[in-house]
Amino acid sequence: MSDAQAEAVTARAGELPGFLYGMLLPGFLAHIGLLTLLVGLVVAGIAPWWVPLAALAGTVVPFVTMDQPPAVQSTGALLHLAAYGWIALHVLRMPDAGWRAGLTAPPPSHA
């Protein structure tokens, strides 16, 4: 496929309602939901303060660096890896007792 044909197909796909409401909107809403989850983890004292900031920066960096080389744009993905990777390691290292206690423990008090 030539470059002109590929651009035409991409432009046409972007106009389709299924792409907008089935792909783009849920994708952006997922970023908002994940950021809300990370802020909740910080408020609960589970995650450090930098985790939601790194995730937010990872979402913003690709939009701010659109005119930059791909190596610069990929720093957003690295920030996401740091934020969500920290959460993943925390979950993977949690012992079984921690999972059981989490289901019955009262919410932490911020006295």
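Position 1 is the first residue of the sequence; numbering continues from there. None of the values given here were measured: they were computed from a predicted structure.
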How are the rings of His80 and Tyr84 set to each other: parallel, tilted or perpendicular (split at 30° and 60°)?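 Because their plane-to-plane angle lies in the 30° to 60° range, the rings of His80 and Tyr84 count as tilted.
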Where [X] and [Y] come nearest, the two heavy atoms and their spacing:
{"X": "Thr75", "Y": "Val72", "value": "OG1-O, 2.7 Å"}
{"X": "Ala54", "Y": "Leu79", "value": "O-CB, 3.5 Å"}
{"X": "Ala55", "Y": "Leu38", "value": "CB-CD1, 3.4 Å"}
{"X": "Val39", "Y": "Pro52", "value": "CG2-CB, 4.1 Å"}
{"X": "Val42", "Y": "Pro48", "value": "CG2-O, 3.3 Å"}
{"X": "His31", "Y": "Thr59", "value": "ND1-OG1, 3.5 Å"}

Would a single hydrophobic cluster contain both [Y] and [X], if residues Ile, Leu, Val, Met, Phe, Trp and Tyr are joined by side-chain heavy-atom contacts under 4.5 Å?
{"X": "Val64", "Y": "Leu35", "result": "yes"}
{"X": "Leu29", "Y": "Met23", "result": "yes"}
{"X": "Leu53", "Y": "Leu81", "result": "no"}
{"X": "Leu37", "Y": "Leu92", "result": "no"}
{"X": "Trp86", "Y": "Leu34", "result": "yes"}

Go through the steps to decide whether Leu41 and Ile87 satisfy the test side chain to side chain contact (heavy atoms under 4.5 Å, CB included), and finish with yes or no. CA-CA 9 Å; Leu41 291 174; Ile87 299 295; 3.6 Å; yes
Check whether any side-chain N or O of Ser74 sits under 3.5 Å from a backbone N or O of Ala77 as a donor-acceptor pair, and report yes or no.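 The answer is no, because no donor-acceptor pair under 3.5 Å joins these two groups.
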Where the side chain of Gln68 meets the backbone of Gln73, is there a donor-acceptor pair that is under 3.5 Å apart?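 Not confirmed, Gln68 side chain does not pair with Gln73 backbone.
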